[in-house]
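Notes to accompany the following structure.
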Amino acid sequence: MIDMKKLILFGPPGAGKGTFSGQIKRVLPNIAHISTGDIFRENLKNQTPLGLKAKGYMDKGELVPDDVVIDMVRDRLNQDDVKQHGFLLDGFPRTLAQSEALSTISEVDILLLLEIGRDIITKRILGRFGCPECGEIYNKYTLQPKVQIGENKWKCDKCGAEIEFIQRSDDTEETLKNRLDTYEKNAKPVIEYYEKKGLVKKVDAENTLALTEDDIKKIIGI
Ligand code: AMP
C-alpha cells in the first residue's frame with residue numbers, strides 16, 4: 001500500500017480545502033496535514049514570537065512575509081512524520097517566491113487545484129451561520145435547517161434551539177472581495193509554475209463531498 005505522497009492543496013478561500021483534506025486523510029491516514037494558517041493561529045493563541053510577528057498581517061487579511069512563512073514550513077517539513085509519510089500542504093505555497101523556495105526543500109508529486117466559481121464561494125461564505133447552542137453549521141443559501149419559523153429564523157436540526165441567520169463580522173462582501181482578489185493575483189504565477197512542471201491536477205470543488213474513496217485515490221494516483 002502506498003503511504004507516501006507529497007501534495008499541495010491549492011484553491012480560493014471557500015473552496016472547501018478543509019473538507020477535501022479530510023477526504024484525503026481517509027485514504028492516506030498518516031500524511032502530515034500542514035496548514036500554515038492553522039500554525040499561525042496556534043502561535044497567535046500561545047503568543048509566541050512567530051505568532052506576534054504574523055498578527056498584524058493576519059488581522060488585515062494580508063499575507064505574512066515570504067521569509068517568515070518559508071522558514072516555518074522548512075522546519076515543519078524536516079520533521080520525521082513528513083519524511084516517513086509525506087505531506088499535504090494546505091495554504092502554502094501562496095506566492096511564486098514560496099513555490100521556488102519549496103522546490104529547494106522538497107520535491108512535490110501533485111498540486112491539487114480546487115476549482116470553483118466566485119458566485120458559489122460568495123454564497124458559501126456569506127451564507128454560513130451556526131447554532132449558538134450546539135455549534136452545528138448551516139448555510140442560508142445551500143444548507144438551511146429543516147424547520148423554518150421566521151424570515152431568518154429556524155429550529156436547529158441537532159438540538160432544537162431557535163437560531164437566527166447572523167452574518168459573521170469577518171465574512172462581509174467587502175473583505176471577501178479583498179481575499180478573493182488577493183488570491184487571484186497571487187495564484188496565477190503559482191499555478192503556472194506547477195503547470196510548467198506538469199504537476200497540476202484540477203478538481204471540481206463544487207461537489208467534493210460526493211467523491212468516494214476510490215475517486216480520491218484516482219485523483220491522487222494511489
Ligand atoms: P488561511 O487560514 O490559510 O486563510 O491563513 C490565514 C492567514 O495566515 C492568511 O490570511 C495570512 O495572513 C497567513 N498565511 C497563511 N498561510 C500563508 C502563506 N503561505 N503565506 C503568507 N501568509 C500566510
Side-chain angles (χ1 to χ4, degrees), residues 6-25 31-79 82 87-106 108 110-116 118 120-122 124-126 128 130 137 168-194 199-200 203 205 208:
K6 296 173 171 173
L7 307 173
I8 297 171
L9 196 52
F10 197 80
K17 291 195 282 284
T19 308
F20 199 57
S21 306
Q23 287 169 293
I24 291 175
K25 275 282 224 185
I31 198 166
H33 177 213
I34 302 171
S35 155
T36 43
D38 283 352
I39 300 177
F40 281 132
R41 277 183 289 275
E42 186 62 25
N43 275 276
L44 202 56
K45 204 173 82 193
N46 297 325
Q47 303 257 307
T48 68
L50 178 66
L52 297 174
K53 225 188 260 180
K55 184 180 182 334
Y57 301 98
M58 293 178 75
D59 284 347
K60 283 185 261 168
E62 288 171 7
L63 293 184
V64 175
D66 283 331
D67 54 339
V68 176
V69 191
I70 290 165
D71 283 349
M72 180 177 94
V73 171
R74 184 182 290 112
D75 284 349
R76 182 64 187 88
L77 292 183
N78 271 323
Q79 290 172 18
V82 173
F87 55 76
L88 174 60
L89 278 172
D90 174 352
F92 181 95
R94 262 193 172 72
T95 63
L96 184 58
Q98 292 178 14
S99 313
E100 286 167 349
L102 177 60
S103 74
T104 69
I105 305 170
S106 171
V108 167
I110 310 172
L111 178 140
L112 296 158
L113 176 59
L114 296 186
E115 292 191 307
I116 184 162
R118 242 177 124 124
I120 296 181
I121 294 176
T122 307
R124 273 193 191 172
I125 294 192
L126 298 186
R128 65 187 176 192
I137 297 291
R168 266 173 43 168
S169 61
D170 58 340
D171 279 350
T172 64
E173 211 142 358
E174 187 56 27
T175 38
L176 177 59
K177 186 179 174 301
N178 283 343
R179 283 162 67 201
L180 290 173
D181 288 347
T182 304
Y183 167 78
E184 273 163 23
K185 190 177 101 218
N186 290 305
K188 209 163 164 251
V190 174
I191 296 168
E192 279 169 7
Y193 179 83
Y194 286 98
L199 298 181
V200 174
V203 179
T208 43

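Both ligands and their constituent atoms are indexed starting at 1 by order of listing.
- Annotation for ligand 1: atoms under 4.0 Å from non-hydrogen atoms of Gln98 are 18 (C), 19 (N), 20 (N), 21 (C).
- Ranking protein heavy atoms by distance to atom 19 (N) of ligand 1, first place goes to Gly91 O, 2.8 Å.
- Taking both residues in full, the closest heavy atoms of Pro93 and Leu102 are given as CD-CD2, 4.1 Å, listed atom of the first, atom of the second, then distance.
- A salt bridge is absent between Lys185 and Asp181; no separation between the charged side-chain nitrogens and carboxylate oxygens falls under 4.0 Å.
- In terms of protein heavy-atom proximity, atom 9 (C) of ligand 1 is closest to Arg94 NH2, 3.9 Å.
- The structure places CG of Leu77 at 9.0 Å from NZ of Lys6, a figure rounded to the nearest 0.5 Å.
- Looking at atom 10 (O) of ligand 1, its nearest protein heavy atom turns out to be Glu62 O, 4.0 Å.
- Taking every non-hydrogen atom of Arg41 and a distance limit under 4.0 Å, the qualifying atoms of ligand 1 come out as 2 (O), 6 (C).
- Ion pairing between Arg74 and Asp67 fails under the 4.0 Å rule for side-chain N and carboxylate O.
- Here the shortest heavy-atom pairing between Asp90 and Ser21 reads OD2-OG, 3.6 Å.
- Scanning the protein for heavy atoms near atom 16 (N) of ligand 1, the closest one is Thr36 OG1, 2.8 Å.
- Inter-residue side-chain proximity for Arg94 and Asn186 is flagged as unmet; no heavy-atom pair is nearer than 4.5 Å.
- The single protein non-hydrogen atom nearest to atom 23 (C) of ligand 1 is Phe40 CE1, 3.9 Å, given as residue, atom name and distance.
- For Val64, heavy-atom contacts with ligand 1 shorter than 4.0 Å involve the backbone as well as the side chain.
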